[in-house]
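Since this is a predicted model, take the numbers as computed values, not measurements. Remember, it's 1-based here, ligands and their atoms both numbered in the order they're listed. Below, each value reflects all heavy atoms present in this structure, side chains not excepted, and no hydrogens, waters or symmetry copies.
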Amino acid sequence: MPDRKESESRKLLGTLREALAEDSAGQTRLDRVTHLIADSMRTEVCSIYLFRDVETLELCATEGLNPDAVHQTRMRIGEGLVGRVAGRGKPVNTANAPQMPGFRFMAETGEEVYSSFLGVPVQRLGETLGVLVVQSKDPREYSEDEVYALEVVAMVLAEMAELGAFIGEGQALSARHQQPAMFRGGVGQEGVAEGSVYLHEPRVVVTNPIGEDPKTELIRLQEGVNTLRISVDDLLSVSDTGDKEQRDVMNAYRMFAHSRSWVRRMEADISSGLSAEAAVEKEQSTARTQMNQVPDAYLRERLHDLDDLSNRLLRILTGQGSETGAEFPTNPILVARNIGPGELLEYGRSLRGIVLEQGSVGSHAAIVARALAIPLVIHAERITTEALNGDTILVDGEKGVVHLRPEETVANAFLDKIAMQAAAQERYVTLRDKPAESLCGTIVSLHMNAGLMADLPSLVNSGAEGVGLFRTELQFLIRNKVPRRAELATLYSQVMDAAGGKRVVFRTLDIGSDKVLPYMKPQDEPNPAMGWRAIRVGLEKKGIMRMQLQALLRAANGRPLSVMFPFIAQLDEFRAARQHLLDEIEREKLLGHIVPENVEIGAMLETPSMVFAPRQFFELADFVSIGGNDLKQFFYAADRENERVRRRYDTLNVSFLSVIERIVERCNAAGTPVSFCGEDAGRPIEAMCFAAIGVPTLSMRPASIGPVKHLLRRVNLKDAKAVIEAASDSGAQSVRPAVMEWLRGTA
Ligand code: PEP
Ligand code: MG
């Protein structure tokens, strides 16, 4: 690092520190900052542009341009050179600005006389807050040292903006974290919620971006890095399970913590005048910008490691632990980059909603959120940088939208929606003990899906007839080692006790694909959803499956038991799985254990292949449960986790309904009970159509039972069937429009 480079920015930061420490209004500070930068860099112009809203930048202060243009001149991202700096998040440095492609001349600023232009993004943790620009008349390209100096200054400005140093008049100058913000993400779990932000890991606030004495800061950094390295080594030795791949990943993480070049870059930043923590943030910010641009997943993961380490180092340097003493609000909405299933379960049902920056529909967090019926929005980009503890937040898990610090009108409309839903839920309570009997006298059997012991009270509250699907993955996912048979047996037995004699259908372990157990070697599969998962794992890793079957038999302790196997794709898989259970029953008998008086062995129908399975499949199964989530994804070849394609194909398309109808016919022909337990069973219109074409039993989230029952009781399913048949014959792609029109006229 050349000395000049360091001294340029150190000098500038020294003067800035004084200006920023002054007790003056935001605008005065900004004006002073532009004046000092122009003076120190010997340029005629220095201007600061900040975002007015998510797309528009506003000139907020200037030295050299026409002062009347301040708060008047605006441009969109990508517009002109300033917009380009903001859009790309990278500097633009040119001796001849008017010749640059995309140059746009802002007449009111009087900038036409300035030839050279250097603009750098004002960024905090990869997020662009504005643009800092210097301009001069003489056509010169700014030196590398000058670019670096301006970047360091921009970093300090970003920190100061974060702390509200520039609060003043004009929207763009109000402190960040005060304006309303909307995030469009993806649906993780449906439902709407209103509450206060609770950050899973609150951001570290850097209050001293400019270092007073580089020597002191260098020592602080060195000590911080040493502590970090020791803590990482400790962490890794404790969590080492001996698995080679896991160890490789850990070693990469450790390597970063010991990276010399990372430390060298931070040391250079300190020499340029930054404090130790600001240096960490500057490098973290660069890594985050890269992270957003790197297409390679492996590299992105590594950059993610660096981001993680930076957070740890920042906490060490600032003494701000994740335990900040922030009060847990009464109506908490958890906001996090990502969260593990165990951590989420610890928060449990106290949460009103969850918003994640990452995650996916099938991630463990989503599975837990679904099990807990907590509205979840995923992929809400940048929410952890925007949200502060205690901020008002509205989560629309139906649309995948989040409103942070909403305007009154938005909040009111949202609250109306919640109130309407709450009123409807109250109405549904009155239906709880009534049958789902349609006007034509058809009675549909409604059951609930569950996955936790904590779900069982819903069996009474919702009026469900039983548990149509008990997903057993969670107990395996939340531990860091395989649960023991006795533990599982106790849990399953408690579930049966809580069900009080109502039927509970236990689905054996459906892991693999997206549901990777922490203690299982991850499979490097190009298409995990179609890979080594569910029964395919069960039939090969017989130990785990046998252990689970034994736990179920012991839990039943003589009571009737219902077990179903997931993801059966051909007859022999069902035969083999079924035989395993029969063998376990025999073995239990030999060991002198009581075996259930009645064991039902069912299959989940989740692949199109089974619609055309040999007749013997339907005869052998004691019952069939249609796993619509998987069946639909394989039927349409549309990934259920891919937001882009998953909503493209309607469940009520004639083709999909025909498949369901065909399954019902085949089950009826064999005299085998059939049910539908995918998410669509909980959507009233879909549920009604399934019932109309003959599905006698539906299993859904407990909260859906009321709305589904409400609709079923208001319609004549025979008429609905006629509407579906007419629509199917009409050449329509989906029966939905016809069904909706019919409903408007009748129900
Ligand atoms: C399904 O696929 O419809 C189903 C119920 O199983 P899961 O959602 O757990 O894959
Ligand atoms: Mg499935």
Side-chain angles (χ1 to χ4, degrees), residues 187-190 341 360-373 376 446-452 455 464 466-478 504-517 527-538 548 562-569 573-574 577 602-611 623-642 646 649 651 656 659-660 663 674-683 686-687 690 695 697-702 704-705 708:
V187 176
Q189 162 65 26
E190 287 165 8
S360 69
V361 183
S363 65
H364 302 171
I367 294 167
V368 175
R370 233 168 279 149
L372 297 174
L376 162 69
L446 303 185
H447 295 245
M448 66 172 237
N449 294 345
L452 290 171
D455 290 322
V467 178
L469 164 66
F470 189 92
R471 292 182 167 101
T472 58
E473 295 78 64
L474 277 176
Q475 288 71 42
F476 286 79
L477 282 169
I478 56 181
V504 180
V505 179
F506 290 93
R507 176 186 65 190
T508 62
L509 198 54
D510 182 1
I511 45 146
S513 178
D514 51 293
K515 301 168 197 153
V516 182
L517 301 184
N527 257 319
M530 294 194 269
W532 196 58
R533 59 172 286 198
I535 198 67
R536 300 172 184 177
V537 179
Q548 191 182 23
S562 299
V563 177
M564 69 179 171
F565 294 103
F567 216 63
I568 298 290
E573 282 171 349
F574 181 61
M604 283 193 80
L605 201 155
E606 307 189 85
T607 61
S609 62
M610 296 317 282
V611 184
F623 62 94
V624 166
S625 189
I626 303 172
N629 305 334
D630 276 313
L631 182 62
K632 203 167 125 187
Q633 85 164 332
F634 296 114
F635 183 73
Y636 286 122
D639 189 342
R640 64 191 261 193
E641 282 189 47
N642 182 337
R646 79 186 189 104
Y649 304 99
T651 303
F656 190 67
V659 164
I660 303 297
I663 298 169
V674 60
S675 62
F676 188 108
C677 67
E679 289 297 312
D680 283 320
R683 304 197 168 101
E686 282 81 341
F690 294 154
V695 179
T697 303
L698 302 167
S699 192
M700 62 198 77
R701 290 188 287 138
S704 300
I705 291 187
V708 167

- With heavy atoms of Cys677 as the reference, note each atom of ligand 1 found under 4.0 Å away. 5 (C)
- Item | Spacing of CZ belonging to Phe656 relative to CG belonging to Leu631, to within rounding of 0.5 Å | 4.5 Å
- Query: Can you find a heavy atom in the side chain of Val505 that is under 4.5 Å from one in the side chain of Phe623?
  - Reply: yes
- Query: Which ligand 1 atoms are under 4.0 Å away from a heavy-atom of Gly678?
  - Reply: 3 (O)
- Task: Report yes if Leu469 has an N/O atom closer than 3.5 Å to an N/O atom of ligand 1; otherwise report no.
- Result: no
- For Arg640, is the nearest heavy atom under 4.0 Å from an atom of ligand 1? yes
- Basic-acidic side-chain contact under 4.0 Å: Glu190, Arg683: yes
- Taking only heavy atoms of Gly627, which atoms of ligand 1 are found under 4.0 Å from at least one of them? 1 (C), 2 (O), 3 (O)
- May I ask whether Glu679 has any heavy atom positioned less than 4.0 angstrom from an atom of ligand 1? no
- Message: If I take atom CD1 from residue Ile535 and atom CZ from residue Arg507, how far apart are they, to the nearest 0.5 angstrom?
- Response: 11.0 Å
- Message: Measuring from non-hydrogen atoms of Arg507 to any atom of ligand 1, is the shortest distance under 4.0 Å?
- Response: yes
- Quick one: ring-ring contact (aromatic ring centres under 6.0 Å, His included) partners of Phe565, sequence neighbours excluded? none
- Note on the structure: Shortest non-hydrogen pair, Val708 vs Ala681, comes out as CG2-O, 3.7 Å
- For Asp630, the atoms of ligand 1 under 4.0 Å from one of its heavy atoms are 1 (C), 2 (O), 3 (O), 10 (O)
- For ligand 1, note which part of Leu631 has a heavy atom under 4.0 Å away: side chain, backbone, both or neither. neither
- For the Mg ion (ligand 2), the closest N/O/S atom belonging to Asp630: OD2
- Message: Can you confirm whether Pro566 sits close enough to Thr508 that some side-chain heavy atom of one is under 4.5 Å from a side-chain heavy atom of the other?
- Response: yes
- Message: Measuring from atom CE of Met530 to atom CD of Gln633, what distance do you get when rounded to the nearest 0.5 angstrom?
- Response: 7.5 Å
- Task: Can you sort out the partners of Ser704 under side-chain hydrogen bond (donor to acceptor under 3.5 Å, both in side chains), two or more places apart, ordered by chain and number?
- Result: none
- Query: Mind checking whether Glu606 has an N or O less than 3.5 Å away from an N or O of ligand 1?
  - Reply: yes
- Note on the structure: The atom name of the N, O or S atom in Glu606 nearest to the Mg ion (ligand 2) is OE1
- Under 4.0 Å to a heavy atom of Arg471 - the qualifying atoms of ligand 1, by number: 4 (C), 5 (C), 6 (O), 7 (P), 8 (O), 9 (O)
